[in-house]
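The structure appears right after this line, and notes come after that.
Throughout, protein chains are lettered first and strands after them, A, B, ... in sequence-line order, and every chain is numbered starting at 1.
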Amino acid sequence: MDSSPILGSLNDAQRAAVIAPLTPVLVLAGAGSGKTRVLTHRIAWLIEAESASPHSILAVTFTNKAAAEMRGRVERLLGTPPGALWIGTFHGIAHRLLRLHAREAALPQSFQILDAEDQQRLIRKLLKAQDLDESRWIPREVQWFINSSKDEGLRPKDLKRGEDPVRAQMIRLYGLYQEQCERSGVVDFAELLLRAYELWRDNPSLLAHYRQRFRHVLVDEFQDTNSIQYAWLKLIAGPEGHPFVVADDDQSIYRWRGARVENVQQFRRDFPGGQLYKLEQNYRSTGSILAAANGLISHNTGRVGKTLWTSGDRGRPLQLYAAFNERDEAEFVTHRIRDHVLHGGQRREVAVLYRSNAQSRVFEEAFISARLPYRVYGGLRFFERAEVKDALAYLRLLVNRRDDASFERVVNLPTRGIGARSLDAIREAARSGGISLWEAAASPDLREELGARAAAAVGGFLALIERLAGETAGLALHEQVDRMLQASGLVEHYRRDRADRGEARVENLEELVSAARGFAADPAAAELPPLEGFLAHAALESGEGQADAWEDSVQMMTLHSAKGLEFPVVFLCGMEDGLFPHQRSITDIHGLEEERRLCYVGMTRAMRQLYLTYAEQRRLHGIDTYGQPSRFIKEVPPELIEEIRPRVQVTRPVTTGRLRREEPGLRGHEEPAAGVRLGARVRHGKFGEGVVLSVEGAGPHARVQISFERQGTKWLMVQYANLEPIA
DNA sequence: AACACCGCGTTTTTT
DNA sequence: ACGCGGTGTT
């Protein structure tokens with residue numbers, strides 16, 4: 001084999017996968033084993049060694065970030081931007097196909113994309129129009145039903161009604177929802193995938209064309225594919241194709257949103273001539289961390305099976321900290337990060353990972369009071385902010401008057417005298433006539449029905465949109481946006497309400513103009529007019545907050561959002577049964593195994609040092625709970641874990657800590673902890689009565705071990721336990 | 001149209 | 001505890 005730069009930097013296993021013959025290939029790539037590297041090098045190898053045309057390559061990822069990274073790395077490898085290459089997310093590529101073949105897909109040329117929130121709004125409207133009680137027909141559940149049906153490739157007509165009236169109603173709602181979308185010319189995310197699938201399935205000549213073209217299909221994170229995505233892949237690959245898919249079944253953490261890890265095994269059955277490659281050498285973590293992760297994940301059943309190893313050092317053992325409560329946990333983390341920084345480390349090297357977002361707060365509070373800069377991932381992204389979506393709704397109306405959701409959103413924003421009654425009349429007219437809200441509002445009949453005043457207000461709104469459409473035609477994109485913001489009165493509207501973060505909202509609107517200015521139509525939308533391209537971009541790429549990405553700050557995020565990232569120092573917090581594994585996943589084996597994979601993902605994020613922490617007591621939803629350490633801790637080989645105890649300083653007569661509330665004036669000199677002596681009887685609010693077995697520590701960290709009559713033996717922090725001595 | 005109050009749910013997230 | 005959505009009040 002030649003030693004071109006494409007192959008030179010690869011290890012044997014990686015190289016074998018990269019130069020695999022053109023048969024179906026499944027690469028099982030463990031965490032940190034260089035899977036993106038293999039994918040990008042495979043692409044480069046196809047082009048350089050196999051003389052594949054960039055035109056013939058289709059590479060699919062799940063996130064925009066992954067797609068951008070892959071594109072960047074391929075370009076660097078090849079030295080030139082291979083423009084003809086299709087690299088994108090499943091949704092992005094489906095979108096591109098649907099734009100190119102809108103007619104064959106029976107979509108209007110200027111169809112718009114509904115995000116999850118838009119979708120739920122639409123469903124709410126529908127439920128209201130159907131006079132269904134939202135407490136019985138929960139919008140979220142209807143949405144879930146519709147999306148998971150689509151994920152399975154099922155249309156309403158494909159669904160069996162059965163005996164269940166609830167199901168029958170759901171199917172009916174799905175049908176009504178779909179009709180509404182068609183009328184409005186909008187598609188939701190799941191629809192993008194399903195339509196793209198149907199487009200190929202139902203147009204054999206089109207499919208033949210694309211099969212001919214995309215001879216090389218590559219898929220990242222294959223274990224996360226859902227049914228329709230896999231069906232789509234099988235279509236484009238065809239029975240004779242040779243898809244190249246990279247997967248890690250141990251990192252499948254999205255079952256709850258339709259991902260089918262079984263697709264990994266299914267792939268081997270569907271493409272029997274395929275080759276399996278395993279990447280097991282890890283370049284990220286120390287030996288201890290890998291051994292811990294391997295030990296944990298070995299408790300799962302039905303794995304394809306692989307074991308990570310490293311040629312590097314064993315490193316330090318994992319550190320386990322048993323905190324008294326969530327505040328103590330946060331304080332411990334804060335201290336350790338401070339030490340890290342004191343020893344010359346950077347804050348950005350540290351990640352605090354947790355199972356659920358609610359856990360971030362305590363850490364934020366601790367970091368703020370320690371003046372430790374941090375950044376929380378997740379939350380609303382730019383294009384999801386209410387004011388930005390308001391502005392986008394105006395723009396969407398400019399492009400597509402039939403977009404009812406956008407119409408409803410801004411018809412009376414800012415308020416222009418179109419109240420609930422006028423809107424009801426418009427809705428009714430639209431429903432009875434089977435037309436869009438816009439058309440209904442414009443009909444002369446309706447004008448008569450409304451009072452003169454309301455009719456004028458509605459007319460004013462329609463005229464505004466028409467006028468804007470006329471005036472902005474031909475302007476540069478950012479000027480179109482700017483003009484719309486001014487003419488609609490949106491900026492003025494938000495400027496006025498200073499009370500409610502109005503200032504930040506105005507800034508976001510200004511930012512939207514900048515975003516429009518900087519919008520270089522991405523290739524997927526090159527066929528579109530700029531405004532349409534921009535709107536699609538806004539829907540498909542919600543806008544990662546890049547703000548202050550440069551400041552050196554501690555990174556905080558959920559375990560899910562940590563996937564794919566790595567950090568020298570990782571804190572895995574809230575390791576308690578019920579929290580992690582989460583209560584709602586604990587009972588069924590699939591749920592529990594997915595939680596375990598999530599833990600595996602978390603552990604394998606760490607490069608040098610991994611901390612596990614849990615709290616014996618945690619305030620959750622306003623009530624105190626007392627948890628057990630996570631079962632996952634026990635699944636890690638114990639010799640890899642070093643338990644950290646608070647600076648222990650056993651004092652015989654306990655003169656520190658306090659019982660009940662601290663009296664004013666006692667601050668500074670510690671109140672003797674009357675009654676908390678070895679052998680003393682105490683009462684606890686939750687656990688009842690017990691006997692003090694031992695006392696540890698001093699000051700705010702003092703803790704006592706108590707044997708409760710009914711709840712067994714617990715360690716509690718005197719500061720928080722509110723123990724009551726029993727005479 | 002702006003505000004107050006009530007009741008409810010509350011894992012994870014991308015597109 | 002807390003935030004959201006819905007309803008009712010001024």
*Nearest-Å distance, CD (Q120(A)) to P (dG6(C))?*
10 Å
*Report the nucleotide, chosen from dT15(B), dT12(B), dT10(B), that has the shortest atom-to-atom distance to any side-chain atom of R584(A).*
dT10(B)
*Roughly how many Å is it from CD in E541(A) to P in dT15(B), rounded to a whole number?*
7 Å
_Is there a side-chain contact between N147(A) and the phosphate of dT15(B), meaning an N or O under 4.0 Å from OP1 or OP2?_
no
*What integer distance in Å separates K128(A):NZ from dG5(C):P?*
12 Å
*Taking the six-membered ring for Trp, are W232(A) and F90(A) parallel (under 30°), tilted (30 to 60°) or perpendicular (over 60°)?*
perpendicular
*asked:* Y614(A) vs F580(A), test: ring pair (Phe, Tyr, Trp, His ring centres under 6.0 Å). Steps then yes/no.
replied: CA-CA 10 Å; Y614(A) 67 92; F580(A) 188 35; over 10 Å; no
_Per R140(A) side chain, nearest of listed nucleotides dT13(B), dT15(B), dT10(B)_ = dT10(B)
*asked:* Categorize N64(A) for me: base, sugar-phosphate, or nothing, with a 4.0 angstrom heavy-atom threshold over every strand shown.
replied: sugar-phosphate
*Base of dT14(B) and ring of F189(A) stacked, centres under 5.5 Å, planes under 30°*: no
*Take atom CG of D115(A) and atom P of dT13(B), then tell me their distance rounded to the nearest Å.*
16 Å
*Can R375(A) be said to sit on top of Y377(A)'s aromatic six-ring, NZ or CZ under 6.0 Å from centre and within 45° of the ring axis?*
yes
_If you assign F90(A) and I138(A) each to the DNA chain B nucleotide with the nearest heavy atom, which residue ends up on the more 5' nucleotide?_
I138(A)
_Among dC2(C), dT15(B), dT13(B), which nucleotide has an atom closest to any side-chain atom of R361(A)?_
dC2(C)
*Classify the nucleic acid contact of N357(A) as base, sugar-phosphate or nothing, counting any heavy atom under 4.0 Å across all strands shown.*
sugar-phosphate
*Using atom CG of L579(A) as one end and atom P of dT10(B) as the other, report the distance to the nearest whole Å.*
16 Å
*Identified side-chain contact (heavy atoms from CB on, under 4.5 Å) partner of C599(A) from the options L572(A), L353(A), I297(A)*: L572(A)
_Taking only side-chain N and O atoms of R255(A), does any of them lie within less than 4.0 angstrom of OP1 or OP2 on dT12(B)?_
no
*Pick out which of F111(A), W200(A), Y210(A) makes a ring-ring contact (aromatic ring centres under 6.0 Å, His included) with H101(A).*
Y210(A)
*E595(A) has an atom CD; how far is it from atom P of dT12(B), in whole Å?*
11 Å
*Mind calculating the distance between CG (D224(A)) and P (dT15(B)) to the nearest angstrom?*
12 Å
*asked:* Please list, in numerical order, the residues of residues 412-421 of chain A that have a heavy atom closer than 4.0 Å to any atom of DNA chain B.
replied: N412(A), T415(A)
*Is the shortest distance from a Lys or Arg side-chain nitrogen in D390(A) or R409(A) to a carboxylate oxygen in the other one below 4.0 Å?*
yes
_Distance (rounded to the nearest 0.5 Å) between Q130(A) CD and I123(A) CD1_ = 13.0 Å
_Judged by each residue's nearest nucleotide on DNA chain B, which is more toward the 5′ side, A358(A) or E384(A)?_
A358(A)
*Would a line drawn from the ring center of H560(A) to the ring center of Y254(A) be shorter than 6.0 Å?*
yes
*Between dT13(B), dT15(B), dT10(B), which nucleotide has the shortest distance from any of its atoms to the side chain of W256(A)?*
dT13(B)
*asked:* Does a side-chain N or O of T558(A) approach OP1 or OP2 of dT13(B) to a distance below 4.0 Å, or not?
replied: yes
*Using only side-chain N and O atoms of R381(A), determine if any of them is under 4.0 Å from OP1 or OP2 of dT14(B).*
yes
*Remember a base hit wins even if backbone is also touched, and classify A116(A) as base, sugar-phosphate or nothing at under 4.0 Å, heavy atoms.*
base
*Out of dG5(C), dT13(B), dT14(B), whichever nucleotide has its closest atom nearest the side chain of R124(A)*: dG5(C)
_Distance, rounded to the nearest Å, where H493(A) contributes NE2 and dA2(B) contributes C1'_ = 12 Å
_As a test of reading the structure: which of dT15(B), dA1(C), dT13(B) is closest to the side chain of L540(A), going by heavy atoms?_
dT15(B)
*Salt-bridged, D151(A) to R257(A), with N to O below 4.0 Å?*
no
